[in-house]
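These notes concern the structure reproduced below.
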2 protein chains.
Amino acid sequence: MGSVGAPVSRRRAGRPPRGLLSRDLITDAALALIASQGYEGLTMSALAQRLRVAPSALYNHAESKQEVLRWVEDEVMAKVDFSAFAAAPWDEAVRSWAWSYRGVFAAHAPLISVIAILPVTGAPETLAMYEAVTKGFLDAGWPADRIIPAIVALESFIFGSAFDVAAPEDIFESGSLGPDYPLFTAAVRLRGGSQADSADAAFTVGLEALITGLKAQVAG
Amino acid sequence: MGSVGAPVSRRRAGRPPRGLLSRDLITDAALALIASQGYEGLTMSALAQRLRVAPSALYNHAESKQEVLRWVEDEVMAKVDFSAFAAAPWDEAVRSWAWSYRGVFAAHAPLISVIAILPVTGAPETLAMYEAVTKGFLDAGWPADRIIPAIVALESFIFGSAFDVAAPEDIFESGSLGPDYPLFTAAVRLRGGSQADSADAAFTVGLEALITGLKAQVAG
DNA sequence: CCTAATAAATGAATGGCATTCATTTTGTGG
DNA sequence: CCACAAAATGAATGCCATTCATTTATTAGG
């Protein structure tokens, strides 16, 4: 081994004695990369470099970058806390789950456009969440045929709201055009606090409205 | 294809007698390209080809592809119908606007991640919509400081739902893992009709819940 | 224990992409 | 009329995901 100081001791071609890669190693490296460089930094080259491997080696384990993204997705989904559905009353459980869900995906916004149209097949963490949520609805007396639409509606709101968290401070600044839109401009001025606060406020408003409205639908 | 005559009569270098490009021409070509090839097909090369111009020529008019996307965005936003806010009662106006909004963006899902965090500065069509919506809320007796959060909440739901429209038929198919998640699998089976129908059903459920819930908040 | 098949690595392409730049030509303002 | 700005071409550039031939090691079968 490296007597020479070994700048980056090259590995010669050929299968190494013990495997250097696996789905888990790749997924972990991808998550670390995303955490430090964001989704822009997630390239197959960067991933390979972090794993001290040639980029082409990744393709012995993953079919494509899309597949790596799918692995990341399921791992991220596992961070969503749905435990409240096992214990708390329905509205409290929905509230707790939704806030956790939004928080997790606010840090992974680029995944949303992928995840929202990705079949859950082969994503056990995702399925575990849906199972627990479904059970929570059933236990609260929901008719089975109303559950999936309600979950989808909540998820849609959560995904949309996750984008909002990343919005810049001046998202509603109309600039020089302001005077042409006086009512809107005035309403925007009434927002207090930071963008994070505004996003939280909008999320609260929407989530509480959904909870109220859904409850009313199922009661009626 | 046709005869061999004049394959693509090359234009020689140098400024042409009359300009071949403009913001409007580029935007229209981009929209046409998106309509026929989707967002994958929207490349600077393809755009240039459609405009019968070299790719580098585009950069005399647009700073980047991102800028072209911003032009497209405002054009797309202009298709959203918010006219109901001028005449109809509040809930009917919200309903009409939201359905139109979702419909427009279902065909432009890749724009959502851009638009959701893009300042409205310099986007007159977008501002016009916000102004009309704000006026509709005010006319319905909403307190000014509650309007923006409510609009943001509705928009979040609309954006999230627009993704859902493009979801594949088998999005909730758990495959071989099915038996491990019996409640969820059973609930999914109760969905009738196509994915489009399911998406519509979820949108109806969520939108009506939001309308009910928001009305309750402002009344209370 | 040998051997054939398979798995997993390297490194050198490939082709597509957005973008830049030198160059050429033309329109325009002083 | 002339200098400069504007708008085109075409040839790079560099990054990216992905493929392929090649090499080496492990493993399964006889």
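Quick note on labels: first sequence line is chain A, next is B, and so on, each numbered from 1. All values reported here derive from a predicted model rather than from experimental measurement.
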Can you identify which nucleotide, out of [options], has its nearest atom closest to the [X] side chain?
X: B:Met44; options: D:dA8, C:dT19, C:dT10; result: C:dT19
X: A:Pro16; options: C:dT10, D:dA7, C:dA8; result: C:dA8
X: B:Ala57; options: D:dA8, C:dT19, D:dT19; result: D:dA8
X: A:Ala54; options: D:dA8, D:dT18, C:dG11; result: C:dG11

Tell me: [atom1] of [X] to [atom2] of [N], nearest whole Å?
X: B:Leu58; N: C:dC17; atom1: CG; atom2: P; answer: 14 Å
X: B:Tyr59; N: D:dA8; atom1: OH; atom2: C1'; answer: 15 Å
X: B:Glu40; N: C:dG16; atom1: CD; atom2: P; answer: 15 Å
X: B:Arg23; N: D:dA7; atom1: CZ; atom2: C1'; answer: 19 Å
X: B:Leu51; N: D:dT9; atom1: CG; atom2: P; answer: 11 Å
X: B:Leu25; N: D:dA8; atom1: CG; atom2: P; answer: 10 Å
X: B:Gln49; N: C:dG16; atom1: CD; atom2: P; answer: 12 Å
X: A:Gln66; N: D:dC16; atom1: CD; atom2: P; answer: 17 Å

Report yes if a side-chain nitrogen or oxygen of [X] is closer than 4.0 Å to either non-bridging phosphate oxygen (OP1 or OP2) of [N]; otherwise report no.
X: B:Arg11; N: D:dA8; answer: no
X: B:Arg12; N: D:dT9; answer: no
X: A:His61; N: C:dA7; answer: no

Seminar exercise, completed: Assert: residue with more 5' nearest nucleotide on DNA chain C, out of B:Thr43 and B:Arg15, is B:Thr43
For this session: Name the residue closer to the 5' end of DNA chain C, choosing between B:Ser56 and B:Pro17 according to the nucleotide with the nearest heavy atom.
Result: B:Ser56
Exercise. Between B:Arg191 and B:Phe172, is NZ or CZ placed under 6.0 angstrom from the six-membered ring centre and within 45° of the ring axis?
Worked result: no
Seminar exercise, completed: Looking only at heavy atoms, the pair that brings A:Asp197 and A:Gly192 closest together is CB-O, 4.4 Å
Problem set entry | Mutual orientation of the aromatic rings belonging to A:Phe184 and B:Tyr130 [parallel < 30°, tilted 30-60°, perpendicular > 60°] | parallel
For this session: Kindly assign one of parallel, tilted or perpendicular to the pair A:Trp97 and A:Tyr101, based on the angle between their ring planes and the thresholds 30° and 60°.
Result: tilted
Exercise. So what does B:Arg18 touch, heavy atoms closer than 4.0 Å: a base, only the sugar-phosphate, or nothing?
Worked result: nothing
Exercise. Side chain to side chain contact (heavy atoms under 4.5 Å, CB included) with B:Gln49: which residues, sequence neighbours excluded?
Worked result: none
Exercise. Ignoring hydrogens and angles, does a donor from either the side chain of A:Asn60 or the base of C:dA7 sit under 3.5 Å from an acceptor on the other?
Worked result: no
